[in-house]
Amino acid sequence: MRGAFMDYYLKLLFVICAVHQITGGVIKSTTDAAYKKYLSLRSLPFEDCGSLYQVSYLDIESCTKLPCSMARNAIVKVTVRFDDNGNGVSFLKHEVQWVFNYIKSRAAITPDPCDGYHGCIESASNGKAYWANVFVNETLPVMKGSMLWESKDANDQNLICFQVPVVITV
Ligand SMILES: *[C@@H]1O[C@H](CO)[C@@H](O)[C@H](O)[C@H]1NC(C)=O
């Protein structure tokens with residue numbers, strides 16, 4: 001109940017603040033802080049491994065707690081929000097790896113690169129949001145490990161890096 005109320009209250013706050021945002025200044029920065037707080041409360045926890053652009057939110061389809069349970073052969077949608085500091089990022093080359101017992105293997109991602117032709121990247125409040133599907137290869141070991149996600153720009157500069165604990169299931 002308390003959570004639902006908080007949720008409602010925050011949404012209301014955004015609507016009010018969104019209207020005020022045109023006036024800019026103090027109200028805008030308060031809104032930004034409140035919105036970032038809201039996103040971080042909703043996000044899955046993750047380890048940042050050196051993102052240039054701050055990741056504000058991570059969602060992994062049907063994962064509500066860590067480690068994220070991922071079934072072999074499944075295709076899992078991942079959604080990320082990040083603050084591109086107003087740089088208009090519109091291209092991301094994903095390099096995603098599974099890490100099990102310190103052994104890394106490449107994950108298959110679609111669409112990759114995300115170049116704006118698949119609706120995979122869009123503007124969001126305070127930055128950008130992208131989604132991509134990751135394929136859980138049937139050859140992955142049934143055990144705990146992690147998914148290491150890096151997204152680079154066209155010049156191979158690392159923009160985003162996060163790591164999430166996962167467990168592969170049959
Ligand atoms: C799944 O893993 C196998 C063995 O590592 C590899 O040959 C195959 O290309 C992978 N499939 C995809 C779709 O990445």
Side-chain angles (χ1 to χ4, degrees), residues 3 7 11 32 35-170:
D7 213 311
K11 273 179 190 153
D32 287 353
Y35 189 70
K36 275 178 184 157
K37 181 73 185 167
Y38 174 77
L39 282 181
S40 71
L41 288 171
R42 308 232 111 202
S43 176
L44 274 177
F46 58 88
E47 184 192 324
D48 190 283
C49 33
S51 299
L52 179 66
Y53 294 136
Q54 194 191 358
V55 174
S56 52
Y57 173 81
L58 167 67
D59 178 74
I60 297 176
E61 189 182 17
S62 62
C63 171
T64 51
K65 61 175 171 52
L66 301 182
C68 279
S69 182
M70 293 186 173
R72 275 175 167 176
N73 265 318
I75 291 169
V76 181
K77 186 176 182 179
V78 174
T79 307
V80 173
R81 285 178 180 234
F82 64 99
D83 187 348
D84 70 346
N85 301 334
N87 285 335
V89 170
S90 60
F91 176 96
L92 292 172
K93 173 87 192 77
H94 302 300
E95 280 176 20
V96 182
Q97 292 186 298
W98 302 110
V99 189
F100 295 101
N101 278 338
Y102 303 101
I103 297 166
K104 290 182 177 177
S105 62
R106 190 78 180 258
I109 305 296
T110 47
D112 186 39
C114 172
D115 51 13
Y117 292 108
H118 308 91
C120 49
I121 187 163
E122 59 181 29
S123 294
S125 309
N126 297 313
K128 297 280 176 178
Y130 75 79
W131 64 267
N133 288 322
V134 55
F135 175 61
V136 186
N137 199 317
E138 63 188 352
T139 60
L140 290 173
V142 177
M143 62 183 294
K144 282 185 192 174
S146 63
M147 181 176 73
L148 175 64
W149 194 299
E150 289 179 292
S151 298
K152 301 180 174 191
D153 67 11
N155 299 319
D156 226 31
Q157 186 185 15
N158 218 334
L159 304 182
I160 286 161
C161 182
F162 64 87
Q163 191 160 8
V164 191
V166 297
V167 58
I168 304 299
T169 61
V170 286

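Counting starts at 1 for both ligands and their atoms, following the listed order. Predicted model only: the values in this text are computed from it and were never measured. Just so you know, residue 1 is the first one in the sequence shown, and it goes up from there.
- Electrostatic pairing of Lys93 and Asp153 does not count as a salt bridge here, judged by no charged N lying under 4.0 Å from a carboxylate O.
- Listed by atom number, the atoms of ligand 1 under 4.0 Å from Ala108 heavy atoms are 14 (O).
- Phe91 is not listed as a side-chain neighbour of Asn155, based on a closest heavy-atom distance of 4.5 Å or more.
- Residues Met143 and Asn101 have side chains in contact (heavy-atom distance under 4.5 Å, counting atoms from C-beta outward).
- Within ligand 1, the atoms closer than 4.0 Å to a non-hydrogen atom of Phe135 are 13 (C), numbered from 1 in the order shown.
- Applying the 4.0 Å criterion to heavy atoms of Asn137 picks out, from ligand 1, the atoms 1 (C), 2 (O), 3 (C), 8 (C), 10 (C), 11 (N), 12 (C), 14 (O).
- Protein heavy atoms are absent from the space less than 4.0 angstrom from atom 7 (O) of ligand 1.
- For atom 4 (C) of ligand 1, the closest non-hydrogen atom of the protein is Thr139 OG1, 3.9 Å.
- Put simply, CD on Glu47 and CG on Leu66 are 11.5 Å apart, with the number rounded to the nearest 0.5 Å.
- Under 3.5 Å, the side chains of Glu150 and Asn158 contain a donor-acceptor pair of N or O atoms.
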